[in-house]
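Naming: A, B, ... by sequence-line order, numbering from 1 per chain. Note that this is a predicted model, so its numbers are computed, not measured.
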Protein chains: 2
Amino acid sequence: MASESVGGAARTRPSTRRKHTEILDAAISIFGTKGYANGTLADIADQVGLTHAGVLHHFGSKQNLLLQTLAYRDETDVKDLVEKHIPDGPELFLHLVRTAFANAHRAGIVQVYTVLSAESVTEDHPARPFFEERYATLRREVSDAFRVLCEQEGVTEPDTIDVASASILAVMDGLQLQWLLHPAKIELAGATEFAIRAIVNAVLSPGPELSSYRSDEARPTGDTDRPRT
Amino acid sequence: MASESVGGAARTRPSTRRKHTEILDAAISIFGTKGYANGTLADIADQVGLTHAGVLHHFGSKQNLLLQTLAYRDETDVKDLVEKHIPDGPELFLHLVRTAFANAHRAGIVQVYTVLSAESVTEDHPARPFFEERYATLRREVSDAFRVLCEQEGVTEPDTIDVASASILAVMDGLQLQWLLHPAKIELAGATEFAIRAIVNAVLSPGPELSSYRSDEARPTGDTDRPRT
DNA sequence: GTCTATATGCCGATAGAC
DNA sequence: GTCTATCGGCATATAGAC
């Protein structure tokens with residue numbers, strides 16, 4: 001059974017391992033285009049020239065295939081960054097923007113994360129622990145970068161850093177969703193760059209409160225009265 | 001058949017219409033907790049004391065029930081805003097923050113939008129047109145508010161407004177996802193307020209570029225342009 | 001390692017009794 | 001308006017041949 005090979009052991013033959021990753025790639029494609037609940041083992045099997053029983057021989061169960069798929073995607077991303085080790089300082093913000101530029105040419109990867117992360121909040125979803133840990137880790141990394149930046153540039157309340165870190169990840173995710181819905185209307189990379197810049201600058205110097213932009217105190221009838229300059 | 005009653009006609013008996021909305025409320029709950037693909041008509045039927053055949057009598061098909069459910073949610077939201085008509089000026093930004101405060105006590109509503117909007121990007125999903133139109137409309141409304149604000153406060157390139165509008169909706173969605181995963185770690189309303197404020201301020205005065213924060217020893221010019229008031 | 005065949009179950013939708 | 005009964009389809013997973 002494949003269930004015991006956790007770290008991708010070397011005990012299997014090369015052709016087997018090749019098929020293994022071939023299935024994982026197909027799973028990314030299917031879970032991305034149809035979701036986990038709606039995508040089927042037969043869909044994945046078709047894409048690699050097997051039957052669903054063949055896929056189950058490699059992964060034991062659909063749920064295990066999902067978890068292996070998420071782990072596989074993560075380790076592939078990390079591999080791309082080996083020695084280009086994730087920057088731990090303010091460079092991280094530039095790295096996030098570069099990631100957005102890369103993602104604009106990887107709709108499949110973006111979609112599988114968008115679809116599965118949202119699906120993971122549903123009842124007893126097997127991917128939920130994965131995404132909980134993923135976001136907790138990412139927020140910690142972004143917060144660390146903020147702390148380094150704040151030491152360099154000035155001071156800021158630690159509470160603001162947590163909120164800003166979550167906001168940066170949030171705006172990246174949200175823009176991806178809108179981009180998947182309207183690829184022609186959303187410029188993923190440019191918008192991500194703008195938003196991250198806005199949030200980083202807000203941490204370093206907050207600027208005026210929103211309420212200071214209020215056009216008036218009370219609207220009497222609420223008819224079409226325009227705020228004048 | 002209920003398929004022809006588009007606007008919620010008055011031709012049906014009150015008890016029937018009551019059951020109708022009862023089913024729609026159950027559908028919000030089920031589609032939110034299990035998703036559209038995974039939630040079943042029997043789940044929804046159980047929640048209102050019917051069989052799945054009873055639900056189908058009211059809505060004809062599962063797909064139609066989903067569309068009616070989305071329309072029902074939208075018109076309920078609008079009803080809450082009747083006479084409190086959505087502000088069309090800079091007040092809109094404060095309204096969005098207030099919405100986030102309200103949402104922090106409506107996890108079910110937040111979850112159904114989060115789950116279904118992401119699911120809608122999957123293959124031939126029946127809710128896709130709904131969310132495409134929803135985001136296009138919301139971006140237009142936020143952009144309108146930005147244009148009014150920019151007339152008051154200064155000038156800005158129209159391109160920035162589009163990017164900022166998408167970013168504001170994005171950060172709201174993304175924070176909702178993280179909040180659903182970690183309710184104790186994310187302060188939905190406070191974070192939303194911070195992020196919207198950051199983006200609005202960035203539109204009015206951009207501030208330094210991200211690359212100016214690079215920690216690299218060699219930096220072209222030593223100036224780090226210190227931001228505004 | 002991959003297949004065919006099958007067990008088992010759930011789903012959406014329809015038909016017709018009450 | 002709601003039910004029971006049922007049809008047809010498809011899902012995951014298992015068993016065993018090759």
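A:Ile44 places a side-chain heavy atom less than 4.5 Å from the side chain of A:Ile23.
Look at NE2 on A:His58: it is 17 Å from P on D:dT12, rounded to the nearest Å. In this structure, the CZ atom of A:Phe31 is 13 Å from the C1' atom of D:dA11, given to the nearest Å. Rounded to a whole Å, the CZ atom of A:Phe59 is 16 Å from the C1' atom of D:dA13.
In this structure, A:Asp144 does not pair ionically with A:Arg140, as no charged nitrogen and carboxylate oxygen lie closer than 4.0 Å. A salt bridge is defined here as a Lys NZ or Arg NE, NH1 or NH2 lying under 4.0 Å from an Asp or Glu carboxylate O, and B:Arg197 with B:Glu193 fails to meet this definition.
No engagement by A:Ser15 is indicated, since no non-hydrogen atom pair under 4.0 Å with the nucleic acid exists.
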What string of B, S and - do you get for nucleotides 3-18 of chain C, 5' to 3', if B is base contact, S is sugar-phosphate-only contact and - is no contact with any protein heavy atom under 4.0 Å?
BB------SSBB----
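Under the 6.0 Å cut-off for aromatic ring centres, B:His125 and B:Phe131 do not qualify, their centroids lying 6.0 Å or more apart.
A donor-acceptor distance shorter than 3.5 angstrom exists from the side chain of A:Gln111 to the backbone of A:Gly32, with no hydrogens or angles considered. Of the possible polar contacts, none joining the A:Glu119 side chain to the B:Val115 backbone as a donor-acceptor pair under 3.5 Å is found.
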